[in-house]
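Working notes, beginning with the structure itself.
Letters go in sequence order (proteins before strands), and every chain restarts at 1.
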Number of protein chains: 2
Amino acid sequence: MATTPKRRLPVMADVAKEAGVSHQTVSRVLNDHPNVRADTRARVEEAISRLGYRRNLVARALVTKRSRMLGVVSFDTTLYGPASTIYGIEQAARTAGYFVSIVSLKSLDATSVRAAIDYLTEQGVDGVVVVAPQRSAGRALESLPSGTPAVAVEGTHRADVSVVCIDQFEGARLATRHLLDLGHETVWHVSGPPDWLETEGRLAGWRTTLEAAGRPVPPPLPGDWSPRTGYEAGRRLAAMDEVTAVFAANDQMALGVLRALSEEGVKVPDRMSVVGFDDIPESEFFSPPLTTVRQDFDAVGRRCIEALLRQIDSGPVAYERLVVPPAFIVRSSTAPAR
Amino acid sequence: MATTPKRRLPVMADVAKEAGVSHQTVSRVLNDHPNVRADTRARVEEAISRLGYRRNLVARALVTKRSRMLGVVSFDTTLYGPASTIYGIEQAARTAGYFVSIVSLKSLDATSVRAAIDYLTEQGVDGVVVVAPQRSAGRALESLPSGTPAVAVEGTHRADVSVVCIDQFEGARLATRHLLDLGHETVWHVSGPPDWLETEGRLAGWRTTLEAAGRPVPPPLPGDWSPRTGYEAGRRLAAMDEVTAVFAANDQMALGVLRALSEEGVKVPDRMSVVGFDDIPESEFFSPPLTTVRQDFDAVGRRCIEALLRQIDSGPVAYERLVVPPAFIVRSSTAPAR
DNA sequence: CCGCAAGATGTGATCGGTCATGTCTCAAGC
DNA sequence: GCTTGAGACATGACCGATCACATCTTGCGG
């Protein structure tokens, strides 16, 4: 009963009265301003805990014009990549004292991305991270009202939107190089869906490495990240006798390839080597364990937050492009050419 | 230049002046209140778009005491289950006009869960969804100040916190029954980590089904959801000649089991049948494609939001327990006993 | 042609904090 | 002894919306 004499939650004024000071002093204590005498501070703190007072961050946001909330717009958060990136973002944001509000989109056309950003902005976020590795999504950022702090993961080239990305080109180069070094004449590629920047980066890394080595560049087999398309590509590859090495643009598709090859009786890695991309937790236990390219999504998330907070704190900064290097993980799905 | 005569973003008063009405009328238009003449409404709307006015939701939240934001506390959002559930929650919340703020925890002890909830509450969320399928997390909910709308996914038994869950017991029963029906003498089980409600539900469903059929109940092999522990369990199972059927508590561990069996030369499903739980997108392409129990996470997300909004709109409601039925998916990892 | 209720609009208070500024006290410096 | 300045607080305005209530129009029955 003593705890709830009135229904209303206690506010600063209540604490002030309880402690016998002004609301301003309570505010000073809360924001630990130096100019408060120790005993006054103690009295206020006691009053706070006695009343169970909690500061109302909405009211504070209204006057400071800082909500301490960040928005994240992402494509299908069920996928391993986005999910991991968002996890990293959330962790980093929270340690920096920020909340994260998420909008996940099933379609990443410029319109929906813009709508999502507007939505978040209206709600008062201090900045936005767009995990939208598609060209079309990048375009949405280009029309962003300048002044809104924003960071993109893998996208856009607009001068005042910073970008954090993993070096896709380098990852693809590592994968292709690895296979060539094993003595394979050339490397086939199962690519991601068009319009994705990752698709393009991996495609370019693969193609360039092949060309630099003077090897034939076979036509890439189209995929959409799903195991199913990898499976379909795998069946086609199994039928071609000359194919000895395949680089799939992600681990799920590599899994599909593995499945198809196994069905067709094509032994991996004896008759064919397979490399993936992402290093999802399952890859290590595929049959056989998958050689792949690891992406450090946590680092991406951290970098995003760092870059975003920099913009929020010190205004628009020069365009930055933060590149996180990939790591190459060799397991048992690759072997020397026969 | 005409667009930004002053730096400040336009506020309601600006729109009012522009349209030659009072701020209150602008508010009426925005909240489409009926008592506004059509032409006035049009004038206001025109002024709004001319000025590029966006309503400040923070200010609105301050006076309405409704932020239209929901909080979600979840364990490791990188896992397929939580990620999918959150995706469902976010979609449902957005269509209902709510934002979602997420906190993901690496540890789910009662203290951190409480801290996370407090954190979200302080920030003004209208309600909280706790995706915390662990006993310890459930305990955190029990000490929740009553009056805070909350819904738990798979957890707690507190009378005023609604629960949405998938029928784990039934899923495990389906899996076990399927294997027994195929003629297996008994079914071994690779369980999830202790303290998880899913672990307990699946364990109970498995055990009960076995007992009801009068079959021996072998000791469950402990796992932690990761493929690695499934792999370790798989090696042990491969060494035991009498084992012909295994039910792993999730697909990742089933993958590990599959891997170990393949290494040991134990053919699946010829010599051993394996069933998983979750139906992750990869399962269909395991070697062999995995027979498993599908969980409808989207439905779980939707139900959570429905239950939560019900609480927010009409105050504390009677305890509800919404159970989503699982589906059994037969693929190629199971076969009749030899 | 008046009265009066419903409809259309305006006015000022309010939400719960922070910010700018003012007042008072007290020790240091001349 | 009196100025000076910094520390410790208090006071009132303000952020940008909504809410309660007041006021001014209308339309319509009598």
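Only B:His23, B:Gln24, B:Ser27, listed by number, bring a heavy atom of residues 18-30 of chain B to less than 4.0 angstrom from any atom of DNA chain D. Residues from residues 116-124 of chain B that place a heavy atom under 4.0 Å from any atom of DNA chain D: there are none.
No side-chain heavy atom of A:Arg68 sits less than 4.5 Å from a side-chain heavy atom of A:Leu57. With a 4.5 Å cut-off on side-chain heavy atoms, B:Leu9 and B:Arg54 do not count as touching. Side-chain contact between A:His23 and A:Lys17 is absent, with no heavy-atom pair separated by less than 4.5 Å. In this structure the side chain of A:Val73 reaches within 4.5 angstrom of the side chain of A:Val128, judged on heavy atoms. Within the 4.5 Å cutoff, the side chain of A:Leu120 has heavy atoms near those of the B:Phe99 side chain. A:Ile86 has its side chain out of reach of B:Thr77: every pair of non-hydrogen atoms, C-beta onward, lies at least 4.5 Å apart.
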- B:Asp109 vs B:Val113, side-chain contact (heavy atoms from CB on, under 4.5 Å): CA-CA, chis, key distance, verdict: CA-CA 6 Å; B:Asp109 54 295; B:Val113 174; over 6 Å; no

- Task: Would you sort out whether B:Val15 and B:Met12 count as a side-chain contact (heavy atoms from CB on, under 4.5 Å), showing the intermediate values?
- Result: CA-CA 5 Å; B:Val15 176; B:Met12 225 158 174; 5.6 Å; no

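A salt bridge between B:Arg310 and B:Glu320 is present, with a side-chain N of the basic residue lying under 4.0 Å from a carboxylate O of the acidic one. Salt bridge present: A:Arg50 and A:Glu46 bring a charged side-chain N and a carboxylate O closer than 4.0 Å.
By the ring pair (Phe, Tyr, Trp, His ring centres under 6.0 Å) test, B:Tyr53 is found to be paired with no residue, residues two or more places apart in sequence or in another chain being considered.
With hydrogens and angles left out, the side-chain atoms of A:Asp195 and A:Ser136 include a donor and acceptor closer than 3.5 Å. There is no side-chain donor-acceptor pair under 3.5 Å between A:Asp118 and A:Thr121.
Put simply, CE on B:Met12 is 15 Å from P on C:dT11, counting in whole angstrom units. Whole-Å rounding puts the A:Leu57 CG to C:dT18 C1' distance at 13 Å. What separates CZ of A:Arg68 from P of C:dT18 is a distance of 12 Å, to the nearest Å.
Between A:Arg60 and C:dG16, a side-chain N or O to OP1/OP2 separation shorter than 4.0 Å is absent. Distances shorter than 4.0 Å separate none of the side-chain N or O atoms of A:Lys65 from OP1 or OP2 on C:dT18. Distances shorter than 4.0 Å separate some side-chain N or O of A:Arg55 from OP1 or OP2 on C:dT18.
At least one donor-acceptor pair closer than 3.5 Å links the side chain of B:Gln311 to the backbone N or O of B:Ala150. B:Ser67 places a side-chain N or O within donor-acceptor distance of the main-chain N or O of B:Gly124, the cut-off being under 3.5 Å.
Side chain of B:Leu62, nearest nucleotide from C:dG16, C:dC19, C:dT9: C:dG16. The A:Asn31 side chain lies nearest to C:dT18 when the options are C:dT9, C:dG16, C:dT18.
By the 30° and 60° cut-offs, the orientation of the rings of B:Phe297 relative to B:Tyr80 is perpendicular.
Running 5' to 3' along DNA chain D, contacts with non-hydrogen atoms of chain A at under 4.0 Å begin and end at D:dA8 to D:dG16.
The terminal axes of the helix from C:dC1-D:dG30 to C:dC30-D:dG1, fitted over 5 pairs per end, subtend an angle of 50° to the nearest 10°.
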Could you go through nucleotides 4-7 of chain C and list every protein N or O atom that sits under 3.5 Å from one of its N or O atoms, giving the distance for each pair?
none

